[in-house]
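Written out below as structure tokens is the structure these notes cover.
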Amino acid sequence: MFRDIARLMEKILSEMPLQDPKIIGFTIISGSPEGAPYLDLSEDEDGESDVEVVEGDDCIYITALADARADGAPYVTFQEDSVTLCTGGDEETVIDLECEIDVPHSFYKVQHGVIDAVCPKKSAPGEVARS
């Protein structure tokens with residue numbers, strides 16, 4: 001159902017006239033599948049999380065707050081079984097993943113002080129990737 005909604009939104013947005021307000025990017029996460037881990041990392045002094053990791057059926061989603069006061073731009077680097085997250089400055093956080101990801105198709109964006117990374121899961125040999 002959520003894939004159908006995403007495709008419908010894509011179609012609606014692609015057919016909007018240029019002068020209309022634009023929506024740039026959206027993600028629909030239906031929740032973790034039965035038994036899938038929900039990881040919550042990097043708690044600060046107040047017990048609030050700076051990094052959130054959610055594992056879906058096809059992708060792993062990572063969200064973090066960027067440090068606007070730090071020297072240097074925030075970035076994310078992807079490895080097959082981990083993600084290195086820098087929210088600004090020199091400090092990096094390595095997030096170990098419980099499955100392999102498709103590194104060439106993983107991406108991130110930084111917008112309004114938030115880093116969003118999307119890591120598609122790697123398909124097993126012989127398995128057809130879901131889309």
Side-chain angles (χ1 to χ4, degrees):
M1 177 175 79
F2 290 105
R3 285 193 182 122
D4 292 337
I5 293 170
R7 287 186 188 121
L8 180 61
M9 287 298 296
E10 257 179 33
K11 182 174 167 72
I12 290 169
L13 294 174
S14 69
E15 294 176 359
M16 288 179 70
L18 291 176
Q19 64 273 16
D20 285 350
K22 291 290 179 192
I23 298 171
I24 301 175
F26 69 97
T27 302
I28 299 173
I29 302 173
S30 62
S32 298
E34 185 79 22
Y38 174 84
L39 305 173
D40 195 5
L41 306 173
S42 298
E43 288 190 0
D44 62 17
E45 310 83 48
D46 301 331
E48 294 181 18
S49 175
D50 289 336
V51 178
E52 182 177 66
V53 180
V54 176
E55 182 174 345
D57 289 334
D58 300 329
C59 294
I60 297 174
Y61 304 93
I62 302 171
T63 303
L65 295 176
D67 186 354
R69 298 169 287 158
D71 294 333
Y75 62 88
V76 179
T77 56
F78 303 97
Q79 296 79 36
E80 282 193 347
D81 60 353
S82 67
V83 173
T84 302
L85 178 69
C86 178
T87 58
D90 296 330
E91 192 173 321
E92 293 181 335
T93 302
V94 176
I95 301 167
D96 293 318
L97 305 174
E98 294 187 12
C99 65
E100 289 188 357
I101 60 170
D102 185 358
V103 174
H105 293 102
S106 297
F107 64 93
Y108 75 96
K109 65 180 177 179
V110 180
Q111 189 171 6
H112 304 294
V114 177
I115 303 171
D116 282 316
V118 178
C119 311
K121 291 181 179 180
K122 196 174 215 180
S123 299
E127 181 181 329
V128 177
R130 294 181 258 171
S131 51

Between Gly56 and Lys121, the two heavy atoms sitting closest are O-NZ, 2.8 Å
Heavy-atom nearest pair, Gly89 first then Ala70, reads N-CB, 3.5 Å
Are any side-chain N or O atoms of Lys122 and backbone N or O atoms of Val103, one a donor and one an acceptor, separated by less than 3.5 Å? no
Could you tell me if the side chain of [Y] sits less than 4.5 Å from the side chain of [X], heavy atoms only?
X: Val76; Y: Ile115; result: yes
X: Glu92; Y: Tyr75; result: yes
X: Pro104; Y: Asp102; result: yes
X: Ile60; Y: Glu55; result: yes
X: Cys119; Y: Cys59; result: no

| said: Tell me if the CD atom of Gln79 is crowded by more than 12 foreign heavy atoms within 6.0 Å. | reply: yes
### Task
Carefully, step by step, assess Val53 and Val83 under the rule side-chain contact (heavy atoms from CB on, under 4.5 Å).
CA-CA 11 Å; Val53 180; Val83 173; over 6 Å; no
NE2 (His112) and CG (Leu65) are apart, to the nearest 0.5 Å, by 14.0 Å
Rounded to the nearest 0.5 Å, the OG atom of Ser82 sits from the CD atom of Glu98 at a distance of 13.0 Å
Practice prompt. Take Val51 and Ile62, measure what side-chain contact (heavy atoms from CB on, under 4.5 Å) needs, and give me the verdict at the end.
Written response: CA-CA 7 Å; Val51 178; Ile62 302 171; 4.1 Å; yes
Consider only side-chain N and O atoms of Thr63 and Asp116, and report whether a donor and an acceptor are under 3.5 Å apart.
yes
